[in-house]
Protein chains: 2
Amino acid sequence: MSIPSSATIEDVARIAEVSIATVSRAIHMPEKVANSTRLKVHQAIAVTGYTTNAMARSLRLGRSNMILVVAPDIGDPNFSNILVGLENEARAHGYGILIGHTQNDAQRGLEYLKFLNSNQAAGLILFTGILPFGHQAMTARLPPSVGVFEPIYNGGIPYVGVHDMAGARKIADMLIAEGHQRTAFIGDSRTRLAYSRRRAGFDEGMKAAGLAVLPSLILDGDGTLESGRLAVEQLFMRDTLPTAFMCVNDQTAIGVMIGLTARGYDIPRDFSVTGFDDIPQAAFMSPALTTIRQPRTSIGKHAMALLLDLLEGRQPNEPEILLSPDLIVRNSVSGPARHL
Amino acid sequence: MSIPSSATIEDVARIAEVSIATVSRAIHMPEKVANSTRLKVHQAIAVTGYTTNAMARSLRLGRSNMILVVAPDIGDPNFSNILVGLENEARAHGYGILIGHTQNDAQRGLEYLKFLNSNQAAGLILFTGILPFGHQAMTARLPPSVGVFEPIYNGGIPYVGVHDMAGARKIADMLIAEGHQRTAFIGDSRTRLAYSRRRAGFDEGMKAAGLAVLPSLILDGDGTLESGRLAVEQLFMRDTLPTAFMCVNDQTAIGVMIGLTARGYDIPRDFSVTGFDDIPQAAFMSPALTTIRQPRTSIGKHAMALLLDLLEGRQPNEPEILLSPDLIVRNSVSGPARHL
DNA sequence: CTGAAAGCGCTTACAG
DNA sequence: CTGAAAGCGCTTACAG
């Protein structure tokens, strides 16, 4: 069961009785080869089971057919479906996907930079809003890159994601239509453009309805379940209580639901809660979480298509591609309770 | 912002005033180079920011530093954390991870085989129990490979996963200790060794307690939520009802819970339900699901370590590495109801 | 339409 | 301890 060393272009050439140059052309520029010759070559390929050695080809061409995808955390529930979209599109164009995760460790980021510098990856997809390579000076050495899921705030890199502001606006409008006048916004204080855009959508919705955004109802966490729970505790120590919690993402919303439930409240009877992202858990909460769906597979597909364009020298018309968000209505929202 | 073409070994050699052979040695066999020379080389490397061109190195060496990881579905909730373990271990040893998903499509599998044949990947990790490459004849061309999460049933490939039988036995024993004498087992009829091992653990537990395994309480699905729901419907059309549902995995258990809830039953008061895997949703169910935790990150780490051994010519002592499963007790189990 | 040849950037016997 | 040279498997201008 030893691995038979695979056939090379020489083997094919010998069998087809042509030069290796002709074999190469028959594969990559078939129109420049006589029909009869092409036939012979393809037969020889079939006989040998030949596959182009990608290392040799990349070396010669000066670029690889690999795309590096870097995420802070591979386990992020939002990540896997984006990856599906990325992978499908890449594979369809003969590219492979290399993945790495930084766990927000700059050192790690640097290690992946090496993959780039060593020519192993022709392009870069960045998941979640930050160039993980320390000094921005590095930017000069970056290959064609695109950000997904969140805009890259520290680099001029094109971005594909959901229309955050429009999504937040949809949530805000729905809450207002349900009768909520005092909605708390549980945000994310990390420097992430996506989150400030969601906040902007909230503000816009309130303003459009002539409602005041009360500073005491605006809290900042860090996008985690724990910070959602904490926000509930903080709010209960203040004098103004909201009738609804609009959360910057699903994780936070789940934390809020847990915090509220622990205090003995019923959702949505006592408080309404909304999320953003529609992570898999959202549907399984009790009550199921009303949220905004990220078109994840589609984001991945568009991002890879954009990157492939970049790799072929086409510049994008727009610096951002914003996909339309869908409101997913489930059971965590109702009209406001007549309070306390 | 054009990308400065990165430094080559020639640049380093010129600056250090040595031959390229010496540069290569200074990097990869430092003990064979004089101290003073090594110093000069490392300074030159620092100056130029040189990184070895991985394509050239792989071509010369005849093997790459990439590991191909193939899964049926990248979005599988079990997959991402295994990937984390795989990636950490690989990166620590200078390997990168290439990923692909087949969606159970043999054609897709073939495309990934090309990555292997074109020398882009030195090794293969297979997630979920099946050689996705059609004809088993292909096996001859496979590089060092290891299966994770489920044993590979159609190829003699080493495997790293949880001890399925021991895990199932833990669940069975606990259910019996709670007083359940009539437990339904909702299995998976697909040809997957992991699932039949879980069934074996169930049988063993029942036997050890002197309890009969009633054929009418053994149902087979396909591991999906939907099949869990279906199993409930089927059971209610029979005369013997169980007091507990032991499910082959969490997805099935969630389906069972949904089916039972839809019929107006309370879990665990009316029926107890258990899963296997501890997928992220399990903790968020209501009631939270009692299940067996897969040590996912650890599985990934061990599998990659094993593969790396294989790549260096070391053969494993055992064909399987079975990790110890933990019982995660939550709220979906109680004593049996006095029934109907 | 086809072939001979150069060269992508490395590593490693071989010779000294 | 160090260098000159061969060669990994390709692609592509160049010449015919």
message: Please give the distance between the C1' atoms of dG16(C) and dT12(C) as a whole number of Å.
response: 16 Å
query: Do we see a donor-acceptor contact under 3.5 Å between the side chains of H101(A) and N88(B)?
result: yes
query: Over how many whole Å does the gap from I20(A) atom CD1 to dG3(C) atom P extend?
result: 11 Å
message: Is any side-chain heavy atom of L322(B) closer than 4.5 Å to one of Y159(B)?
response: yes
Interatomic distance, K32(B) NZ vs dA13(C) C1' [rounded to whole Å]: 10 Å
message: Whether T8(B) contacts dG9(C) is assessed here as follows: a side-chain N or O lying under 4.0 Å from the phosphate OP1 or OP2. Is that the case?
response: no
query: Checking D11(A) side chain against T8(A) main chain: does a donor-acceptor pair fall under 3.5 Å?
result: yes
- request: State, without any angle test, whether H28(B) and R57(B) hold a side-chain donor-acceptor pair at a distance under 3.5 Å.
  value: yes
field: Verdict with reasoning, I9(B) to S24(B), per side chain to side chain contact (heavy atoms under 4.5 Å, CB included)
entry: CA-CA 8 Å; I9(B) 199 170; S24(B) 180; 4.0 Å; yes
query: dC14(C) P sits how many Å from R25(B) CZ, rounded?
result: 13 Å
- request: Using whole Å, report how far CD of E10(B) lies from C1' of dG7(C).
  value: 11 Å
- request: Would you give the length of the straight line joining atom NE2 of H93(B) to atom CG of N65(B), rounded to the nearest 0.5 angstrom?
  value: 13.5 Å
field: Distance, rounded to the nearest Å, where H28(B) contributes NE2 and dC10(C) contributes P
entry: 9 Å
- line: Taken to the nearest whole Å, CZ/R14(A) to C1'/dG3(C) is 17 Å
task: Specify the separation, in whole Å, of atom CD1 of I27(A) and atom C1' of dT12(D).
output: 14 Å
- prompt: Is the number of heavy atoms from other residues, nucleotides or ligands within 6.0 Å of NZ (K301(B)) greater than 12?
  reply: no
message: Let's see if you get this right: which residues in residues 42-61 of chain A place a heavy atom under 4.0 Å from DNA chain C?
response: L59(A), R60(A)
task: Select base, sugar-phosphate, or nothing to describe what A21(B) touches, counting heavy atoms under 4.0 Å on all strands.
output: base
field: Residue A34(A), side-chain heavy atoms: nucleotide from dT2(C), dA4(D), dC1(D) that is nearest
entry: dT2(C)
Side-chain N or O of T22(A) closer than 4.0 Å to phosphate OP1/OP2 of dT2(C): no
- line: For DNA chain C, consecutive-pair runs of 3 or more (Watson-Crick or G-U wobble, both H-bond-type distances under 3.5 Å) give C:1-3 with D:14-16, C:5-12 with D:5-12, C:14-16 with D:1-3
- prompt: Taking C-beta and beyond as the side chain, do E87(A) and I74(B) meet within less than 4.5 Å on heavy atoms?
  reply: yes
field: Length of the line joining E31(B):CD and dT2(D):C1', which is rounded to integer Å
entry: 15 Å
- prompt: Nearest to the side chain of V33(A) - dC10(D), dT2(C), dG3(D)?
  reply: dT2(C)
task: Check whether any side-chain heavy atom of L306(A) lies under 4.5 Å from a side-chain heavy atom of H302(A), and answer yes or no.
output: no
